[in-house]
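These notes are about the structure you will find just below.
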2 protein chains.
Amino acid sequence: MPSRLTISSFSILGLLAIQPWTAYELTKQAERSLRFAWPKSERLLYSEPKKLVEHGLATAHREVSGQRSRRVYTITDDGRTALTAWMATSPQPPVLEAEALLRLLFAENGSTDDLIAALDTMADDAAELYDQVMTINTSYLDGHHPFPQRTHLSVLFATFQLELFDLIVKWVEFAKTEISTWSTTEGLGLTDGTEAILNSIKERRSVLDPPNKNP
Amino acid sequence: MPSRLTISSFSILGLLAIQPWTAYELTKQAERSLRFAWPKSERLLYSEPKKLVEHGLATAHREVSGQRSRRVYTITDDGRTALTAWMATSPQPPVLEAEALLRLLFAENGSTDDLIAALDTMADDAAELYDQVMTINTSYLDGHHPFPQRTHLSVLFATFQLELFDLIVKWVEFAKTEISTWSTTEGLGLTDGTEAILNSIKERRSVLDPPNKNP
DNA sequence: TGACTTTACTGCAATTCGCAGTAAGGTGAC
DNA sequence: GTCACCTTACTGCGAATTGCAGTAAAGTCA
């Protein structure tokens, strides 16, 4: 009666399908890829492979070097079968967690400066993440991919992250110009700016597209 | 020794700052707003207000109607103070959870059809979420906001969601045209398309911008 | 008046997280 | 050559969160 397989289990199984790893190596690898699609705690990355072994989807063997031993996990045939079966199932809807947006939702409880600071932090974080993805990916052009045969997947995956982080940076810029027209955070209601946004929303136009240019 | 306050606690406190609610009402309200920035289980929305009471940030009073009673939670002055203090702190980085992107990362373990199906599901989910946000927000134009004085916040908040869901839909379109050039999911490595993407990434150009038009 | 939905919760087991702790091996500086 | 610090390689535990099932009254519609 091992505990049941979760999406996190399959995300580890997916890594094991590439090559055998130790749990420690899995945490490092997760930081380069998994974290952008399925962010999980380091702790879980140590317990999930054990669960996979219990289910017979992976095996663990100890490698010894000096006084120290490491447990290397390898995917089994059953593991590959289970992974392939999972690939054919329907994925859960995407979910975003953004504390800075909570601050916007409750902005009336703080100053406009508080709000702008929160949004700036989100933009800085996004810019930093953008750079991280860029660093990893531009090196692929020089043939520096640890798994060259996977470049088509890594790069297409990265495009989403870059678009997302770019969107965040650009949206914060837009939001700040809008907020700059506010005298306070509280009780403004339907301002001219808000009405303009609502009209552009109604026509399904992006609020970012025309960056304050006249037609 | 009540358990400590989390971001989730403050997200509930933020709702209580608008007006008193029952836990049940909080779950309904969370579905309209909180869920897009701080998605939490319904269960938690029942326990968090209790924690706020333990901390003295809210009070609970029973209202009786017939045989049934409901517990209405009201923010205290301490609660408002704590909320305002929280608004001035730095938010955590944004985080995205997208199982469909995991499928892309591990696509070599399934067929191109599996991959396209997963991406289509994500696009459909995003389109559905887009519609939900649209429905809530276009009604504001007719003056149908439950808290008219908060329209400026709700609408600016909504613009982010719309941009995000639109990005997902558009990126999936792009990803699918790229994938359509693949004969298999496995071992392709640096294809022509991948190289083109990498070059465009290098120049920080969006892969979505010019939708296959010549300059 | 019977069936079904909405309102209004609680209990509990399973899952996940954050943090602290342990310990060996490697690296560079003085 | 030894001290400090970083990396590798984990485990334990309490706290936070989830998912699911269960309870029950009130409202709705036919």
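Within every chain, numbering begins at 1; the chains are lettered A, B, ... in the order of the sequence lines, protein sequences first and strands thereafter.
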Sugar-phosphate, base or nothing in reach of [X], heavy atoms under 4.0 Å:
X	value
B:T6	sugar-phosphate
B:E63	nothing
B:R43	base
A:R68	base

From the list [options], which nucleotide is the closest neighbour of the side chain of [X]?
X	options	value
A:R70	D:dA9, C:dA8, C:dT16	D:dA9
B:E48	D:dC10, C:dA8, D:dT17	D:dT17
A:S41	D:dA9, C:dG18, C:dC9	C:dG18

Next on the checklist: When you measure from the side-chain N and O atoms of A:Y24 to the phosphate of D:dT8, is any distance below 4.0 Å, counting only OP1 and OP2?
Outcome noted: yes
Could you tell me how far apart [X] ([atom1]) and [N] ([atom2]) are, to the nearest whole angstrom?
X	N	atom1	atom2	result
A:K40	D:dT18	NZ	C1'	11 Å
A:L5	C:dA14	CG	C1'	14 Å
A:K51	C:dA14	NZ	P	12 Å
B:L44	C:dA8	CG	C1'	17 Å
B:K50	D:dT17	NZ	P	15 Å
B:L52	D:dA16	CG	P	13 Å
A:L45	C:dT15	CG	C1'	14 Å
A:Q29	D:dT8	CD	C1'	16 Å

Item to check | Trace of the side-chain hydrogen bond (donor to acceptor under 3.5 Å, both in side chains) decision for B:R103 with A:T89 | outcome: CA-CA 10 Å; B:R103 309 304 180 91; A:T89 63; 3.3 Å; yes
Item to check | Toward the 5' end of DNA chain D, by each residue's nearest nucleotide, A:R4 or A:Y46 | outcome: A:Y46
Item to check | Criterion salt bridge (charged side-chain N to carboxylate O under 4.0 Å, His left out) on B:D166 and A:R204, from CA distance to verdict | outcome: CA-CA 10 Å; B:D166 185 53; A:R204 298 187 152 248; over 6 Å; no
Checklist entry - Side chains of B:S69 and B:E63: do they bring a donor and an acceptor to under 3.5 Å? => result no
Checklist entry - Strictly by modelled atom types, are B:Q132 and B:R35 linked by a side-chain donor-acceptor pair under 3.5 Å? => result yes
Item to check | A:K51 vs A:E48, salt bridge (charged side-chain N to carboxylate O under 4.0 Å, His left out): CA-CA, chis, key distance, verdict | outcome: CA-CA 5 Å; A:K51 201 200 282 183; A:E48 283 299 342; 3.5 Å; yes
